[in-house]
Each structure stands twice: as structure tokens, then as C-alpha cells.
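Just so you know, residue 1 is the first one in the sequence shown, and it goes up from there.
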Amino acid sequence: MRAGSATARRSLPGGAPAAAKIALGASVGLAAIFMLIALLVAVSGASLGAAPAGGDVSGSGAGASGLARRDIPPEYLRLYQAAGVRYGLDWAILAGIGKVECDHGRDPDPSCAHEGAVNSAGAGGPMQFIGSTWATYGVDGDGDGRIDRWDAADAVYAAARYLRASGAPGNYRAAIFAYNHAGWYVAEVQRWAARYRGPSIPPALREGGRGGEGEGEGEEGAEGLAGADARLASETATPVRFVAGERALLAGRSPFGGEGHVALVPAGAPPIVQAMVVAGNELQELPYGPDGHPDPRGAPDEDCSSTLNYVLYRSGARPISEIVRDNPLAQDYVHWGAPGPGRWVTIYATTSPTDHVFVVIAGLRLDTSHNGTDVGPNRGEDGPRWRLLDHIPTWAHWSVRHPPGL
């Protein structure tokens, strides 16, 4: 949605769709609607966080977790919940955006709170709008007759309006990606949203297993998610945390103390794919090196091909006897498996300009290469890591194949 904000401060790529100017009459009309809603709420005695008449809409306005009440200033919490009700959205997604962008207005970056200040990309205000997008989606959220992107109420309501126009609540991932064109950003917003939701909310993002300190609110164990393979937790020393749906997501905090070293296991994926994600998590602290050949088990380091060998062995997709015997290298995966991308798992291998191989599992890339091809929290680390990029690296011509049946 905007070209800057959290993206500019973190020196990571972002993006902003074009926008046209909003008509004055429409904005005045919206202001009148918001004032009417506020009046009705006051008369009825309902909380601003209550669900709209007719039932709950994507958890809009439902209870906040203990973390949310501690971390989000009361004014912002009320705004997120009220805007969620107004636009039929999950208020916690708005809160997640507010956290990542400007820490709910507390970020010291002048563009977050100082009227008229913008960052290097032209974004300003607590929800970090650029001027062109604000011209279309700006809203008078508090009915004061002004539409000001540095005003918290206006900014939060405008963010809700933009998410709604970008596909929410039907597709929150697409809507958040429209707000900021970066996969890491989508994952981070959804991570905060999951932590902010109260236990009464049917969460769009559910994490199970053992969380870090202060991460208990809104999480469920494997038994709370259809399809989650609860056996995995007993078969590994690595914490196993699940997420609803078919795509793996990168958690922002690791039990090892680092950032972004644990992928959330998609409960909607086949058990073998869930096992692959856990196997990838088991490798996250290892450095890059050759000692995973020919046997990747227990190696003190892994290179690109031994990383893939380990994941295939650990999940049962390839026998360890075959791996030890053949010692597959990157160039061997150019012709291994079935041609084309897989439904769940895709292997990318090349021999030019250098031998290399990596794998994408349930939408998340496991790779030892990162120079210019990782915008996530592991971008400065060597060795097998979960990598974030909104496209497949283009530095090589890839052979694209997949394990049979996956």
C-alpha cells in the first residue's frame, strides 16, 4: 500500500498501488456514518469491541488477549476494534499492522507521529500511508471534519478501508500483501495478530505447541487444528507449532533465542509435508559446511544438497540407505523426481553459474543461499535457513521438479 514505513526503516523492499483522489462528498458521508454508529453504540450501551448485529464477522471486535491489553495503548485498542466492526474485519489484523508500522504510534521515527513528517519513501502517520494512497482511502475516523493521516483515528479507519478494498476479509494474506509488498511483512503482521486475539476469537492464525514467554494467548495445540499431526512433537527436540491452512509461515521468535528460525507447520498439509517443515526447523542453527555428506544425520553443518537430503530422509520421502549410497549433490537433483512444480513441495536445482539446490515446502523456501535473495530475519545468516522473498531467485536457470506425489 505504501512504499515506505516499516519497509523503509528496515531497508527492505515494499510497494504501493496507485491511488486516485477521494471525493469530498463521499468523505463527508462517511464521517456522518461513523458519527451515527458512535451514537447508536452509546445509546445501546454496547462495547465498541462488540460484534455487529447479525453475528460475528471474522472475529471483529471480540476480546483482546492479555498481551494486547498490555501492549496496545487503550486509545489504539478501541480504534482497532471499532474500525474492525465498521468494515467487518478482524481487528487484530489492524493491530498487527499498527504494531509493525509504528508500534501503535510510539515509534520514535518522526514520520509516525509528527504532523507533516514523512520517511524517505513519503509515508507518514501511525499506519504509514503515502500521499497518493491516502488521497483515495483517507477517512475522517473521529468525525472532526478533518482527514489527516497523522491522526490515529483517521489512519486506523483508512487502513481498514484499504484492507477491505484489497480483499479482506476473504483473503487477508492478499490484503496485507497489498498494504506492503513483502512476504516477511505479511508473516509479521499475522504473527502479531495471532498474539493479540483473545481466546474467544476463532483465530485466522492459530499456533500450537510450546510458545515463547508471553505468547500463550490465542494459541491452540495440535488437537485444536484439523489435520495437525500431533505425533510430530514427540519425535523431535524442536518445538512444533501449527498454523491453520496449507502454507507454512515463519514465526518471528525462536526458542533458541534467534529471530525467524522456526516455521509454523501448516495443519492443512499432508503429514509428510508437515514432517518436512519440522525437519527444516531442526537444521536452523547449523552453519554452512560439507560435513552432511554422505550422511546428513547428526552433521555439525550442512550444505545445500545435504540440507535437502536430510529433509527428504527425515520425512520419509527418500530412504537414508539410498542417500548414503548415492550421496546426492546439487547437480543430481536437476533430474531427480517428477518434472515441474509440486502441489506441496518444489525442488529448484541448477549447474550454472554454479551448482546449487533448494526446496520450497508449503510455500516457504529452505535454502543455504541468501545474498540478495532473502529479505527476512535470516538474511544475514549462512547455513540452512527459512528464506523470505516474494519470488524465486533469478540468478540461475532452474530445473524445477518435485518429489513424486507431492
| query | Is it true that R379 and D374 have a side-chain N and a carboxylate O under 4.0 angstrom from each other? | reply | no
| message | If I compare all heavy atoms of L366 with all of P384, which pair ends up nearest, and what's the gap? | response | CD1-C, 4.4 Å
| query | Is the closest side-chain donor-acceptor distance between S111 and D109 under 3.5 Å? | reply | yes
| Polar side-chain atom of E322 near backbone of R318 as donor-acceptor pair, under 3.5 Å | no
| field | Separation of D332 CG from T351 OG1 (nearest 0.5 Å) | value | 11.0 Å
| request: Please work out whether the ring planes of W395 and W398 are parallel, tilted or perpendicular, with thresholds of 30° and 60°. | output: perpendicular
| Is atom NE2 of H335 surrounded by more than 12 heavy atoms (other residues, nucleotides or ligands) closer than 6.0 Å? | no
| Any donor-acceptor pair under 3.5 Å from D367 side chain to V359 backbone | no
| query | Please walk me through it: do Y348 and H356 pass ring-ring contact (aromatic ring centres under 6.0 Å, His included)? | reply | CA-CA 8 Å; Y348 294 83; H356 188 64; over 10 Å; no
| message | Between E302 (side chain only) and P290 (backbone N and O only), is there a donor and an acceptor less than 3.5 Å apart? | response | no
| Salt bridge or not for R343 and E246, using N-O below 4.0 Å? | yes
| Distance-only, no hydrogens or angles: does the H402 side chain make a donor-acceptor pair with backbone N or O of W344 under 3.5 Å? | no
| query | If you measure from NZ on K99 to CG on D107, what distance do you get to the nearest 0.5 Å? | reply | 9.5 Å
| query | How about P296 and I320: do any of their side-chain heavy atoms sit closer than 4.5 Å? | reply | yes
| said: Are H104 and Y196, when compared by the centres of their aromatic rings, separated by less than 6.0 Å? | reply: yes
| Name the one of L264, L364, I361 that satisfies side-chain contact (heavy atoms from CB on, under 4.5 Å) with V277? | I361
| message | When you measure from the side chain of S315 to the backbone of M276, do you find a donor-acceptor pair of N or O atoms at a distance under 3.5 Å? | response | no
| query | Within the side chain of R387, is there an N or O that forms a donor-acceptor pair under 3.5 Å with the backbone of N378? | reply | yes
| said: Apply side-chain contact (heavy atoms from CB on, under 4.5 Å) to residues D151 and D140 and explain how you reach the verdict. | reply: CA-CA 9 Å; D151 179 86; D140 182 5; over 6 Å; no
| field | Check: D71/W192 side-chain N/O donor and acceptor closer than 3.5 Å | value | no
| remark: Minimal heavy-atom distance between S305 and A330, with the atoms involved, is CB-N, 3.5 Å
| Ring centres of W150 and F129 under 6.0 Å apart? | no
| said: Using modelled atom types and a 3.5 Å cut-off, is there a donor and acceptor pairing between side-chain atoms of S65 and backbone atoms of R195? | reply: yes
| task | Return the minimal non-hydrogen interatomic distance between T350 and H397, and the atom names on each side. | result | OG1-O, 3.1 Å
| query | Will you find, in the side chains of N119 and Q128, an N or O donor that is under 3.5 Å from an N or O acceptor? | reply | yes
| message | Could you report the tightest heavy-atom contact between F177 and A182, atom names first, then the distance? | response | CE1-N, 3.4 Å
| request: Hey, could you give me the CG/NE2 distance between D303 and H293, rounded to the nearest 0.5 Å? | output: 3.5 Å
| request: Please report the shortest heavy-atom distance between G131 and R149, naming the atom on each side. | output: N-NH1, 3.5 Å
| said: How about CZ on R106, more than 12 heavy atoms from neighbouring residues, nucleotides or ligands closer than 6.0 Å, or not? | reply: yes
| task | To the nearest 0.5 Å, tell me how far Q81 CD sits from L94 CG. | result | 10.5 Å
| request: Starting at OG1 of T368, measure out to CG of L283 and round the result to the nearest 0.5 Å. | output: 11.0 Å
| task | For the pair D154 (side chain) and G141 (backbone), establish whether a donor and an acceptor sit closer than 3.5 Å, ignoring hydrogens and angles. | result | yes
| task | Indicate yes or no for a side-chain donor-acceptor contact from D301 to the backbone of D291 under 3.5 Å, with no hydrogens or angles considered. | result | yes
| Test log, rule side-chain contact (heavy atoms from CB on, under 4.5 Å), inputs L232 and Q274 | CA-CA 8 Å; L232 291 173; Q274 296 183 34; 3.8 Å; yes
| NZ or CZ of R401 within 45° of Y333 ring axis and under 6.0 Å | no
| task | For Y157 and L79, work out which heavy atoms get closest and say how close. | result | CE1-CD2, 4.3 Å
| message | Strictly distance-based, threshold 3.5 Å: is any side-chain N or O of R69 a donor or acceptor partner for the main-chain N or O of A64? | response | yes
| request: Output the distance between atom CD1 (I176) and atom CG (N180), rounded to the nearest 0.5 Å. | output: 10.5 Å
| Could you walk me through whether I147 and W134 pass the side-chain contact (heavy atoms from CB on, under 4.5 Å) check? | CA-CA 9 Å; I147 301 177; W134 185 256; 3.6 Å; yes
| Does the salt bridge (charged side-chain N to carboxylate O under 4.0 Å, His left out) test come out yes or no for E235 and R314, once each step is laid out? | CA-CA 10 Å; E235 298 174 355; R314 193 77 168 92; 5.7 Å; no
| message | Evaluate D382 against H370 for side-chain contact (heavy atoms from CB on, under 4.5 Å), listing each step before the verdict. | response | CA-CA 7 Å; D382 293 318; H370 61 90; 2.8 Å; yes
